[in-house]
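Heads up: the structure comes next, in structure tokens.
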Amino acid sequence: MNLILILGFMLLAIGFWGMLTQKNMIKIVIGLTIAEVGVQIIMISIGYIKERTAPILDSAVPLADAVNKVVDPIPQALVLTAIVIGVAVNALILSFIIRLYKEKKSLSIDDYKEMKW
Amino acid sequence: MVNIIYIIILLLGIGFLLPITEKLGKKVSNSMFFLTLTSVSVISVQWLYAFIINGQTSLQFFTAGVKPPLSINLQLGLSESVFITSINILALIGAVYLIKHFNNIGIRSHVLYLLMILGLNGLVLTRDIFNIFVFLEITGISTYALIGSDLRLKSLIASFKYMLAGGVASIFLLLGIIFLYHNTGTLNIDGMIAASPLQSGLKIAGIAIFFLFFALLIEMKQFPANGWALDVYEASNPGISGIISAAGTAAILFALYKVMPLGNDLWFNTIAVIGIITFIASNIMGIKQKNATRLLGYSSIGQLGLLLAAMGLGFLYGGINGKFQFIIFALFISHFIAKAGLFWIAGIVKKKEIKSWGVLRKSPVLLFFTGSFMFALLGFPPFPGFFGKWELVLTLANKHQFLWITAILLGSLIEAIYLIRWFGYILKEKQEENETIEQGATKYSSVFILGTILFTISGLYMIYNPITNLSFYFYPLLFIAFLFITDNILPAYIKNILSIAGLSYYGYVYFNQFSEFRFIFAVIFLAGGILTLIPGFVKKGKRVGFYPSAIIMYVGLLGLLVAKDMFSFFTAWEFMTIGSYFLIIRGKRSQPHALSYMLFSLGGAYLIMFGFALTHVFSGGNGIALDLLNSIKSNSALIFTMLAIGFLTKTAAAGLHIWLPGAHAEAESDVSPMVSAVLLKAGVFGLILIMISSLRFDAKMIIYLLGWLGAITALLGNLMASFQEDAKKLLAYSSIAQLGYILFALAIMSHIGWMAAIWYAMNHFLYKALLFLAVGAVVVKLKTHNMYEMGGLIKQMPFSFVSVLIGIIALSGVPPLSGFGGKWLLYNAFILKGWYLQGAIIAFSGVVAFLYLFKLINSIFLGPVKDNFRKVKEVSIWYLIPQYIIIIAIMVISAKPKIVLGKIGDFITSYMPDNLVVWKGDVASSYMNGKLFGVWDAPNIMIIIGIIFVTLLSWLLIMSRKAQKVEMFNIVYSAERPESPQTTHFSHNIYSHYRKALGFLALPLIVNFWSFIVDSIHSIADFVRRLYNGNGQAYIMHILGFMVIIYFVLFNGGLF
Amino acid sequence: MSGLDDLKKKMVTGPDGEQFEVNPINDYYCSKKPEVTTPAHPYIEKFFNWARANSLWVLGWGTGCGSIELPPLTTPRFDMYRYGVQMRPTPRQACVFIISGYLAVKTLKRVIRAYEQMQGPKFVIALGSCTINGGMYYDSYNTINRLDYYMPVDVYIAGCMPRPEAILSGFVALKKRIKEGKGEGANEYAEKFEWYKANQKKIIKQWDMPDYNW
Amino acid sequence: MEISLLTKILFSLLGLFIVFNYGLLQAGVMRKIVARVAGRYGIPIYQPYIDLIKNYSKRTQITHGVMFYLGPVFRFSGGIGLFFFIPMIYGSVYWQNFSFSGDIILLMYFQFFGMLGMALGAGEGGQPNSIIGISRGLAQFTAVEVPFTLAIISIAVQYDTLSVYDIVAAQQGGIQNWTLFTNPFAVIAGMFAFLGLMRHAPFNVVMAPQEIPIGPPTEYHSTYLGMLQSNRVVLHIVEAVLFMNLFFGGATSWLELIIKSFFIYFITVFIGVVFPRYRVDHTVRWFLKIPLVFGILAVLFV
């Protein structure tokens, strides 16, 4: 579990590193996505209970025994929601980047600084 | 009652239905869109009604049919219903405003709008923390898309930055939520609060709450992690900016409010500090901003900071109930309406530069609402923010949080700088003729409705506020409202008659209620008001805006006298300030002067407010009666100083005077006497109030210093007046000096000194009104202020000449006119007090006054007449009528001063029994140690001088009855002949030798000081705002940096 | 501006934009002619003349080279004060005008102006030959030859230049003349105003002033 | 002892007559003294009379307007008024004039009455040099007023009264009781101010003859000038009497008054003969240096 948690934080860090260092907007968005994945992993790892299975009621997990067999289902539900939302946001951002590229023919974030101060 | 869940269902359902119904045509989809928003508003209003009127208690609504934690629950209480009602109504009006924009973009914008409103409602209603995340994201995504949907490059960039910031914020929010869940085992906010994770001692809980709060702080656009927000405000359609600024932040504020109980005092404090830093910082940066929507963005963020600070402080001091509920709501609703309104007006004006907003003058209604919104933001009465700010200051004072008060007032003052300046541009900045503003019923009506709501709420505040009874203002405000409504209809003379009648009626009603010095000031305010309104009959046309402003000022002035408690006093003070500001800014070139007037007044007003709050606290914390000034138990010197400085900004004591010359000189000709002769006395009234209270405690040192200040003010004012070339500026500087005398006389704190002060106050009212009316009328006639361009007008304007002559004799203190009484009382007072050196300065400045008085009358009326003024006629009779009424008054009180001074003396005796002036018949005498000291027999002096004068005149008439009348150039000119009137009139810089000798005293050091302050603030603003370099990446950096700072602050505080 | 330009009629614009004409000669100056003044009752007039004779206030203005002889009068050696004579810096307050020597045409204009600005009764003392017949400048192109063509003269003091003693004796002569009631130069000027003006205008080509300088 | 109003008026007018004649003679004597200092024979001492008669006997006159006409009236009213408000002879009920109407503050401010009227009259005269003179006069007056005020404050405090009569009363009983000896700083400051008030050299740039022809009265002549001259002689005596009352023990008889006021006035003439002229800016600065220091000393050590 700790390993996965650390992985999550590492991904988070990598994501932020990407967001802060890359000039290409798509790469920045990728950084954001990586960071989001990191958070999602962290969430799952927090809900994880050792030696338990996924909270899916199927033949392997009978309903009566589910409480003791599965991991905490709520974080998983949350992650699902978060992923959905994250995907939506990413799609929107990327579509905006396409629009911006069409307007200015540049992907560098440095070229979009007209509004300041 | 409709289940609140239907709001969500309606918005979501119709939102998804709209793309389908679009096929049926635009009308159908639009009507569905509006119907949805209307029904949502109706539902929320219905609930609000239930909560307020029927006293409904708060309710829980459960989804999925089960109770939490298994399901998500919505809570609807009074606060929730207030917030959703505000949001939904604003959404409805906003939809009206934006409908054209939406129709241009297509049905997707309708959908996005509904989704955004859904998200905002959800944020307010839900009690599930993960649901907050979901609603936040719904709001976020729909907002991003809505901003970008017009596909302009700027909006796309802004939206992109917003998304990055929102993405980062949501990462932290998720982290916070999951850790909290891990800690408490529930997602329900109430459950979490019950588990009190911070108190449980787990380290992880601290981190979890840190992430949660931090994410919300970013969504609250706190400094410095808010560069992206400014871009959003600047770039997106102003209609949408308005919704984001008002409704969006309202919802997030409420979300934060819900989770706040998870924090502890350290957190509350930190949040409050972050809020106040944001408030001050973004207001400072706003000063340098020229772009209208971006400036509104700065202001929005500032207001959010203030709200956040108030909320943090509320939690710190026992939770949001009672007082703090009142405060936050008052501040919130002001910001909410005003900011949305201003953004929407920006959408109508469509001018980027704030300097080009002059086009607003084409639409008086919009102009009116712009002003109202700005003054609502600044917390002026009658708007709710005023009540909020007062209570906030008072509450904080009760908790002895003086640093907080200082910070809040400082921030507000800085905010005033750019808002008032902007408004000044709107009112006065030159505009090209062909500029127009957008027309269109939808946008106008939405602004109009918003404004109406603002005024309705303000009216409710005025009537039902829990602080004090302001019923005095009811009819006057109705009258003012009437004047505003009919401003564009009625001609000026009808409004003038109405105003004079109104003032006279109030005089009649309230005259008997005033006693002692209130009576004297009532005479000054009422008689001054009526006299200075008479010249208004000259004006043709409608004179839009003048009468409401004048009446606001006079109502404020009377309110000062009526006020029994500090709050009504302060309300009156602010009314007076607003009214006079609008009067002053009417002058042609008075925009910068009106601005500095307003800023000094506001600074003074805040000091007065602070002082009142301290009075409340240090007199035992019971109530706010004005009489509490007399029962201050500790820190009296501090309070006294604050109030004194506050009042001294109005009387323009040296150091605080720089606003006066421009403001009084550039004002219209009948406004100058109003603001100079009448308005300045308000400050004197305030000074008298606190000086009376100072009899109960020891403020001797400060009063001693005030005496020096008065003397120096008198000297500097007179010196600077002597070096003026502008006739009205000369009179303005003279006012500064005269108020210096009054301050000096008050500071003497003896019977005779006060008599001198009040005599001076009355006399200054008379002769300054006389001079300003006479000179003002001449200035109007000649269309120039410069004395050296005038000259020789005695033949064309003999009546004005006599007025000015009487005015200057009275002012200079030459016997036998009334001014000498002031000198006699003053000399006696300071000699008896033992203030010899100050007295010598006063005496010196009294003589210096002759320099400018001679210059005034000589340059205007004597010497050669200029060619272009050969044919001018005497000024209008409407200017002369008040002048001659005043002359009669001066003559009467000069010959029989006892009729006034006797009464003044009687009531002063009850406060200051020492150094009495004793009357024997008409002879006044002063006593030192029981021995006769000085004598003044006014009637006798007048008779003797009169007889001598008449005798000599008749002698001269007999001796030289056949003197040949000659023309202006029949003068000896070294056997040459003068070339032109311009080269013969010696008027410009006639005291050059005096400037050589004493000019160093009149160097503009004080002006330089204040410009240094202003420049520094501007430089700081320019420096700080470089932070927002426009790079989205940098903004992420700011967010992370902000996080690190908060972390270390909290770490240092021992949270982790 | 110089000469006659600034006396030309001109259109000016008033503060309200109205246009009107200004005629400096009429508007700036009083255009009345001087009048003959009647003396008071003889006895009173005699007393007045005594006072006038003993209080001679001289316009402190030297017109020609003879002016160098005037300052010595104030010195201990000559001391004109003992005769009640003193200098006044303004023609309004002076009653004696000493024309000290030759008069250039340019100066004459100023002299006329100053003389007319003095209040009557007023007296003129002409100093030196130049004022009598032009003296050494009798054929000069720009000096006048006879002063009494241009203004009434009470006393001539001959010499080139007359010494201060001579001037003092001139004062004494003037006193005598005044006491006798003959010091009516101002009235003479008013009576023969047209003649004097014609003479003056004949020689002064650039007449840029009103006919009588009050 | 109370006297009737009529008696009072008659005695005041008689006093005015005396002062007027004394003033004319004194002016003659002073000019004679100046002449003798210069080594000249000088005017006959009755010359001021002749000049006055001559000016009143002028036959023509002009006027620039109402204010020009009224200027000398204001000026002379100022002088006569000042006389009426000053007590002349200590101990006599007949020579107190109307000094009961006010005190020294009245006198201080009544000085301006004439000045202001004269300034306005000269202003309407339209002579630019007159206005230069006035601007100088006013400027000089402001500076002169500082030591004067300080001196007056000082003696008002010293004698516990503002009444000129009481100030004289307090100085009775021998020369050692004069303010000159009891309060020397005040007297020094006051006498400096007196120099400025009287406008003899070095403080006579106001009327600087020839330079601005003669300052404010440049346009005045004939009867106007007569009135101004009359005022001048009255005012000089009255001012000297005022300073005599304040600093030099007052007078108990006309003889004493004449002697004292003569010497007081003579001080200014004496200094005027000896010193050259100050420019106005120098005057202003000078009065705000040495006399001011004495004035401050006077109020500090009273």
Side-chain angles (χ1 to χ4, degrees), chain B residues 538 540 588 669 727 775-787 789-793 795-797 800 860 863-876 958-985, chain C residues 1-7 9-35 37-38 59-61 63 88-94 97 106-120 207-210 212-214:
Chain B
V538 171
K540 303 199 169 50
K588 274 202 189 71
S669 275
V775 171
V778 172
V779 162
V780 166
K781 199 94 191 171
L782 304 190
K783 298 199 166 59
T784 175
H785 283 211
N786 292 331
M787 288 183 285
E789 291 179 28
M790 309 174 182
L793 295 172
K795 293 184 180 74
Q796 282 98 325
M797 306 179 170
S800 297
I860 297 179
V865 61
K866 307 283 161 40
D867 287 342
N868 48 342
F869 298 142
R870 284 204 152 258
K871 295 271 157 80
V872 293
K873 301 260 160 30
E874 179 60 90
V875 301
S876 158
I958 294 164
M959 289 298 292
S960 54
R961 55 194 174 280
K962 44 183 201 305
Q964 170 64 40
K965 182 87 187 61
V966 298
E967 295 296 326
M968 66 177 188
F969 272 179
N970 288 110
I971 53 174
V972 299
Y973 207 69
S974 300
E976 267 297 344
R977 80 177 156 71
E979 275 183 358
S980 66
Q982 281 80 0
T983 51
T984 316
H985 191 209
Chain C
M1 277 201 279
S2 69
L4 293 164
D5 289 354
D6 50 332
L7 289 179
K9 288 182 186 172
K10 54 193 162 187
M11 293 300 286
V12 290
T13 312
D16 296 321
E18 74 277 20
Q19 297 258 329
F20 54 88
E21 194 186 68
V22 171
N23 181 7
I25 266 301
N26 282 336
D27 291 346
Y28 293 174
Y29 299 94
C30 174
S31 48
K32 222 166 158 290
K33 304 260 179 304
E35 281 170 0
T37 51
T38 45
L59 178 61
W61 180 27
T63 55
R88 294 308 283 193
T90 154
R92 295 278 186 226
Q93 298 173 358
F97 198 171
K106 203 167 75 175
T107 321
L108 177 66
K109 188 155 82 181
R110 276 79 186 167
V111 165
I112 292 167
R113 209 180 265 132
Y115 177 73
E116 287 172 351
Q117 280 169 344
M118 287 162 62
Q119 302 302 315
W207 187 266
D208 59 342
M209 55 186 183
Y212 190 79
N213 292 284
W214 278 96

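First the proteins, then the strands, lettered A, B, ... as listed; each starts at 1.
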> What residue, out of B:N868, B:T983, B:N970, has the most heavy-atom pairs lying under 4.5 Å from chain C?
Replying inline: B:N970
> Which residue out of C:E116, C:E35, C:E18, C:K32 racks up the most heavy-atom pairs below 4.5 Å with chain B?
Replying inline: C:K32
>> Using a 4.5 angstrom heavy-atom cutoff, name the option from C:G14, C:P24, C:S31, C:P15 with the most pairs to chain B.
In response: C:P15
>> Quick one, B:D867 and C:Y28 - any side-chain contact, counting heavy atoms below 4.5 Å?
In response: yes
> Are any of the side-chain heavy atoms of B:K783 and C:D16 separated by less than 4.5 Å?
Replying inline: yes
> Is atom NZ of C:K106 surrounded by more than 12 heavy atoms (other residues, nucleotides or ligands) closer than 6.0 Å?
Replying inline: no
Go through the atoms of [X] and report whether side chain, backbone, both or neither lie under 4.5 Å from a heavy atom of chain C.
X      : answer
B:K962 : neither
B:V966 : both
B:E976 : both
B:K781 : backbone
B:P978 : both

> Looking at residues at least two apart in the chain, or sitting in another chain, which of them share a side-chain hydrogen bond (donor to acceptor under 3.5 Å, both in side chains) with C:T13?
Replying inline: C:Q19
> Which atom pair, heavy atoms only, marks the closest approach of B:K871 to C:E21?
Replying inline: NZ-O, 4.3 Å
> Closest approach of B:E967 and C:D27, non-hydrogen atoms and distance?
Replying inline: OE1-O, 3.6 Å
> Does any heavy atom of chain B fall under 4.5 Å from the side chain of C:F20, the backbone, both, or neither of them?
Replying inline: side chain
> For C:R110, is it the side chain, the backbone, both or neither that has a heavy atom under 4.5 Å from a heavy atom of chain B?
Replying inline: both
>> Under the criterion side chain to side chain contact (heavy atoms under 4.5 Å, CB included), I'd like the reasoning laid out for B:R977 against C:L7: C-alpha separation, chi angles, the key distance, then a yes or no.
In response: CA-CA 11 Å; B:R977 80 177 156 71; C:L7 289 179; 3.7 Å; yes
> Who passes salt bridge (charged side-chain N to carboxylate O under 4.0 Å, His left out) against B:R870, sequence neighbours left out?
Replying inline: none
